[in-house]
Amino acid sequence: MGTKVGKSEEFPEGEVRVVEYEGRKVCIARVEGALYGVDNMCSHAEAYLSEGELYAEDLEIECPLHGSTFNLVDGEPQDLPASEPVRAYEVVEDSDEVEIVKQTNDA
Amino acid sequence: MATQRGKVVIVGASMAGQSAAVELRKQGYDGEILMVSQEEHLPYDRPPLSKKIITREWDFEKIKLKDADFYSENNIQLKLGHQIGQVDPVAKTITTVSMEVIGYDVLILATGGRPRRLDVPGRDLDGIHQVLEYSDSLRVAEELGAGAQRVVVVGGGFIGAEAAAALAEHGKDVSLIEVSPSPMSYALGSEVGDVFNRIFKEEGVTLDTKTTIASYHGADGRVTHAKSFDGKVFEADLVIECVGILPNVELAEAAGCRVDNGVVVDGFMRTNVEDVYAIGDIARFPSHYADGPRNGEATGLVRIEHWAVAIGHGAAAARSICGSDDPYDELPWFWSDQFGVTYNYAGHATTWDQTVWRGDVGERKFSVFYLREGRLAGALCAGRPKDFRAAKKLLSDGSPIDLEVLADPDSDLLKYAKSVSS
Ligand SMILES: Cc1cc2nc3c(=O)[nH]c(=O)nc-3n(C[C@H](O)[C@H](O)[C@H](O)COP(=O)(O)OP(=O)(O)OC[C@H]3O[C@@H](n4cnc5c(N)ncnc54)[C@H](O)[C@@H]3O)c2cc1C
Ligand code: FES
């Protein structure tokens with residue numbers, strides 16, 4: 001079904017991990033048990049979202065460079081300077097295996 | 001009022017103009033849109049001009065806002081390489097310098113600024129550049145690539161400081177000459193300026209302050225050195241002059257718009273001339289943040305030369321043309337990238353009575369909060385994203401702030417900002 005990218009225990013609550021998927025770096029965050037995946041590279045200049053802040057209660061991740069935040073569900077930027085979404089992915093867990101199923105937006 | 005089906009003509013196809021065009025289509029505007037630019041290039045992102053373009057890390061592909069297809073797909077006409085020289089607000093036409101007449105129903109002026117130049121002997125020598133346009137920055141990049149090693153940057157505002165930092169990081173021998181006591185102190189104050197004095201020296205930049213260049217000298221028509229007013233000589237293979245921007249307000253003036261340190265507009269980016277809007281660096285607009293802390297409904301007029309403001313203006317003008325009553329009312333903010341650190345600033349503090357510092361200045365992870373009468377008027381944050389997020393919230397809410405919480409290095413400012421927000 002999906003592409004295996006790691007074991008469940010490698011994705012602790014409230015943290016962000018980077019995995020490889022179809023040749024791209026994807027950051028996966030666990031918030032209240034659920035897993036969310038978005039592209040690691042910011043859509044503005046060049047910075048890794050995994051190195052920024054995770055705002056779990058808002059389901060957002062923030063670029064460490066100029067501070068655009070991206071929604072973890074649809075990859076949409078919530079503020080400037082980024083204006084394009086990053087790719088968002090459906091991430092599932094199947095008996096301890098974490099898998100990326102597919103891209104869910106058209107970024 | 002503006003018609004839904006009329007022709008919108010935008011002069012200037014940069015941050016503000018492009019934002020207006022894109023937002024018009026987003027709002028469902030289906031009339032004609034024409035964007036005219038005197039630059040030959042497709043619309044591009046300006047901030048990299050003082051950073052990754054001069055260091056040759058990025059090329060034009062990286063900074064163009066959209067592919068050519070985008071404009072045809074969205075039915076936005078681009079007229080590149082044409083300068084507009086005249087405007088007739090009665091006949092509703094603009095005229096290019098080659099005398100082509102273009103009619104409009106709505107005119108948006110987004111003409112930005114041109115570089116101010118030092119009026120000193122030797123200013124026309126080869127090798128003295130600005131970095132306000134892609135073609136300028138490209139020339140700088142080419143000369144640096146061809147071996148220019150000693151660079152004199154004149155002016156330590158944001159653009160000059162960025163250029164100096166980027167080139168020092170890339171192994172060039174950089175001198176930075178700033179007329180005030182420290183780089184960026186004009187905007188950020190002398191305390192923060194002192195921090196930048198230290199940073200530039202630590203990074204090996206030859207920094208000279210409280211003076212400026214009195215003359216340029218050269219051989220065979222090309223600059224070889226610059227002399228400051230106190231007689232110091234700065235060897236130069238290349239000079240970058242960054243001594244400010246003069247807003248291009250001539251067209252607005254010719255149209256009969258009120259011009260007073262910028263084109264005066266209302267919250268909907270409308271000038272006093274019917275169907276003429278002004279946006280971006282040229283616009284002097286009402287802002288709740290004009291005089292420091294957001295304070296009830298009081299507004300003052302400001303002109304702000306920042307990227308996010310230009311984008312916001314473009315969108316606001318487009319909304320207004322489409323009949324919305326949602327004015328421009330955004331918190332002004334900007335970033336500046338220097339030596340691998342991003343400095344984020346929000347607000348528009350021109351005066352303050354107190355600053356509160358958090359974090360570690362030596363590590364270049366710190367925040368400075370500018371306060372006036374117990375309210376936050378502005379904040380500068382480096383490497384402290386949560387502080388910046390908190391600052392934006394506190395600034396937009398405008399609530400009085402608990403100094404103890406702000407000064408306590410262990411307090412969670414973001415939590416505090418959320419708790420006091422209405
Ligand atoms: C080198 C540099 C670095 C910057 N870095 C940052 C940064 O890091 N962060 C930040 O927040 N802001 C930054 N800024 C500021 C930001 O880029 C500007 O605020 C923004 O570009 C303003 O947009 P604008 O559309 O109003 O004007 P501009 O970008 O100046 O564009 C105006 C356009 O209109 C054209 N034009 C003018 N007159 C005519 C005419 N008569 N006919 C036809 N065309 C005309 C000009 O050629 C130009 O292309 C930087 C600016 C520069 C120059
Ligand atoms: S690189 Fe992410 S916001 Fe600029």
Side-chain angles (χ1 to χ4, degrees), chain A residues 12-18 23-25 27-32 36 38-87 105-107, chain B residues 15 18-19 22-23 26 45-48 51-53 57-58 62-63 65-67 70 306-315 330-338 340-346 365 367 379 381-393 396 412-415 417-418:
Chain A
E13 178 64 29
E15 295 200 20
V16 177
R17 294 285 181 268
V18 181
R24 301 170 78 92
K25 300 235 183 294
C27 59
I28 293 186
R30 190 186 289 278
V31 179
E32 291 184 1
Y36 301 87
V38 292
D39 258 356
N40 199 20
M41 180 64 86
C42 181
S43 66
H44 176 231
E46 280 171 359
Y48 291 124
L49 300 182
S50 58
E51 290 163 17
E53 288 289 328
L54 173 69
Y55 295 105
E57 67 283 16
D58 304 323
L59 281 182
E60 282 171 23
I61 190 163
E62 182 179 60
C63 175
L65 208 48
H66 310 120
S68 282
T69 50
F70 294 88
N71 184 289
L72 289 171
V73 179
D74 59 15
E76 288 293 330
Q78 307 300 301
D79 31 31
L80 294 173
S83 55
E84 304 285 336
V86 292
R87 291 188 182 185
N105 61 353
D106 50 358
Chain B
M15 311 323 324
Q18 169 103 358
S19 165
V22 169
E23 187 67 25
K26 257 196 208 149
D45 199 23
R46 222 161 272 272
K51 306 157 197 135
K52 298 207 159 159
I53 292 293
E57 289 163 273
W58 286 4
K62 238 5 237 197
I63 62 168
L65 296 179
K66 297 282 182 192
D67 292 322
F70 171 85
H306 292 312
W307 190 97
V309 175
I311 306 266
H313 279 180
E330 291 169 20
L331 170 67
W333 72 276
F334 66 87
W335 76 92
S336 182
D337 296 333
Q338 298 173 31
V341 175
T342 293
Y343 297 88
N344 279 304
Y345 179 95
K365 287 190 175 167
S367 304
C381 302
R384 295 186 54 99
K386 279 191 168 169
D387 278 3
F388 193 59
R389 202 168 159 99
K392 287 198 281 191
K393 206 158 184 20
S396 326
D412 184 335
L413 212 52
L414 187 53
K415 224 184 213 165
K418 286 189 174 173

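In what follows, chains are A, B, ... by sequence order, proteins preceding strands, each numbered from 1.
- Across all non-hydrogen atoms, the minimal contact from B:Ile311 to A:Leu80 is CG2-CD1, 3.7 Å.
- B:Lys392 touches chain A through its side chain: at least one heavy atom from C-beta onward sits under 4.5 Å away, while N, CA, C and O do not.
- With contacts defined as side-chain heavy-atom distances shorter than 4.5 Å, the pair A:Asp58/B:Arg389 qualifies.
- For A:His66 and B:Trp333, the distance between ring centers is not under 6.0 angstrom.
- For the pair B:Lys66 and A:Glu84, the salt-bridge criterion is met [side-chain N within less than 4.0 Å of a carboxylate O].
- Pairing each heavy atom of B:Trp307 with each of A:Pro81, the nearest pair is CH2-O, 3.2 Å.
- At a threshold of 4.5 Å between non-hydrogen side-chain atoms, the residues B:Leu414 and A:Glu53 do not count as touching.
- Residue A:Glu32 places its CD atom among 12 or fewer non-hydrogen atoms of other residues, nucleotides or ligands, all under 6.0 Å distant.
- Across all non-hydrogen atoms, the minimal contact from A:Ala45 to B:Trp58 is CB-CH2, 3.7 Å.
- Neither the backbone nor the side chain of A:Ser83 comes within contact range of chain B; no heavy atoms are under 4.5 Å apart.
- The number of heavy atoms from other shown groups lying within 6.0 Å of OH (A:Tyr55) is above 12.
- The residue among B:Lys62, B:Lys386, B:Lys52 with the most heavy atom pairs within less than 4.5 Å of chain A is B:Lys386.
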